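In what follows, residues are counted from 1 in the order of the sequence shown. This is a predicted model, so every value here is computed, not measured.
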Amino acid sequence: SVEDTETFIDLFNGAQYAGKGTGEGGTPDITVFVYFKDGSYMWVSDFDGRGLDFEVTLHGSDKKIDAWYYLNSEELKIFILEMLDKLRT
């Protein structure tokens, strides 16, 4: 929904930067795929087991990685889990 999208954006933008991406996350438990109108896209993957809540990979419309970093946000994690619960019911 529009409200869920706005909440995701707000929580994502409010998340704490936790460092450059290193590829140490392993296999994600959850990945949120975000597609932008310009053809670029972003993966927000849950890597909670390493003490890093999310690994973010931003790809340009050419599919090359433009940004790769970690974020921490308990609120964003809770929100994504709530969205998954909605899908399961």
Side-chain angles (χ1 to χ4, degrees):
S1 70
V2 171
E3 293 83 15
D4 289 340
T5 301
E6 289 174 352
T7 300
F8 177 85
I9 292 167
D10 288 343
L11 293 172
F12 179 88
N13 287 340
Q16 180 182 5
Y17 177 77
K20 290 177 63 175
T22 62
E24 297 177 23
T27 303
D29 293 324
I30 301 165
T31 299
V32 176
F33 299 93
V34 179
Y35 297 93
F36 300 100
K37 291 180 181 179
D38 67 357
S40 61
Y41 57 97
M42 178 172 66
W43 299 339
V44 180
S45 299
D46 174 22
F47 287 100
D48 191 37
R50 295 199 37 82
L52 301 166
D53 293 338
F54 299 101
E55 181 181 76
V56 178
T57 310
L58 178 63
H59 299 260
S61 58
D62 60 0
K63 300 189 180 3
K64 293 181 181 177
I65 295 176
D66 289 341
W68 185 23
Y69 54 92
Y70 296 103
L71 293 177
N72 286 327
S73 172
E74 186 67 24
E75 294 85 5
L76 181 58
K77 185 180 353 175
I78 290 168
F79 176 76
I80 290 172
L81 292 173
E82 288 172 354
M83 293 296 96
L84 285 174
D85 286 343
K86 284 184 187 180
L87 290 172
R88 293 179 182 142
T89 58

Engineer: Under the side chain to side chain contact (heavy atoms under 4.5 Å, CB included) rule, collect the residues that match up with S61, sequence neighbours excluded.
Structural biologist: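 If we apply the side chain to side chain contact (heavy atoms under 4.5 Å, CB included) test to S61, skipping adjacent residues, there are no hits.
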
Engineer: Taking side chain to side chain contact (heavy atoms under 4.5 Å, CB included) as the definition, give me every residue that meets it alongside M42, ordered by chain and number, with sequence neighbours left out.
Structural biologist: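 Result, side chain to side chain contact (heavy atoms under 4.5 Å, CB included) vs M42: F12, V34, F36, V44, V56, L58.
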
Engineer: Would you please name every residue forming a salt bridge (charged side-chain N to carboxylate O under 4.0 Å, His left out) with D4, sequence neighbours left out?
Structural biologist: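 By the salt bridge (charged side-chain N to carboxylate O under 4.0 Å, His left out) rule, D4 matches K86.
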
Engineer: Counting N and O atoms only, with roles assigned by atom type, does the side chain of Y70 sit under 3.5 Å from a partner on the main chain of T22, one being a donor and the other an acceptor?
Structural biologist: yes

Engineer: Is there side-chain contact between D85 and M83, with at least one heavy-atom pair below 4.5 Å?
Structural biologist: no

Engineer: With hydrophobic residues grouped by side-chain heavy-atom distances under 4.5 Å, do V32 and L81 end up in a single group?
Structural biologist: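 In one cluster with V32: L81, yes.
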
Engineer: Please enumerate all residues that pass salt bridge (charged side-chain N to carboxylate O under 4.0 Å, His left out) together with K20, with sequence neighbours excluded.
Structural biologist: none

Engineer: Can you list every pair that meets salt bridge (Lys or Arg N to Asp or Glu O under 4.0 Å) and has a residue in residues 56-67, with sequence neighbours left out?
Structural biologist: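 Those involving residues 56-67 do not exist here.
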
Engineer: Using side-chain heavy atoms (C-beta onward) and a distance below 4.5 Å, is I80 in contact with F8?
Structural biologist: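 A side-chain contact exists here, since the closest heavy-atom pair is under 4.5 Å.
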
Engineer: Between N72 and D53 (side chain of the first, backbone of the second, donor and acceptor by atom type, cut-off under 3.5 Å), is there such a pair?
Structural biologist: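 Side chain of N72 to backbone of D53: a pair is present.
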
Engineer: Working to the nearest 0.5 angstrom, can you tell me the gap between Y69 OH and E55 CD?
Structural biologist: 11.0 Å

Engineer: Would you give the length of the straight line joining atom CG of L76 to atom CD1 of I9, rounded to the nearest 0.5 angstrom?
Structural biologist: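 The CG atom of L76 sits 11.5 Å away from the CD1 atom of I9.
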
Engineer: Nearest 0.5 angstrom please: N13 CG to L71 CG, how far?
Structural biologist: 9.5 Å

Engineer: Please tell me whether L11 and Y17 are part of a single hydrophobic cluster in this structure, the criterion being side-chain heavy atoms less than 4.5 Å apart.
Structural biologist: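 Yes, same cluster.
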
Engineer: Rounded to the nearest 0.5 Å, what separates atom NE2 in H59 from atom CH2 in W68?
Structural biologist: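 Going from NE2 on H59 over to CH2 on W68, the span is 10.0 Å.
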
Engineer: If a pair satisfies side-chain hydrogen bond (donor to acceptor under 3.5 Å, both in side chains) and one of its residues is in residues 31-43, list it, with sequence neighbours excluded.
Structural biologist: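 As it turns out, the side-chain hydrogen bond (donor to acceptor under 3.5 Å, both in side chains) pairs with a partner in residues 31-43, which skip direct neighbours, are T31-S45, D38-S40.
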
Engineer: Can you tell me how far the OG1 atom of T5 sits from the CG atom of D10, to the nearest 0.5 Å?
Structural biologist: 11.0 Å

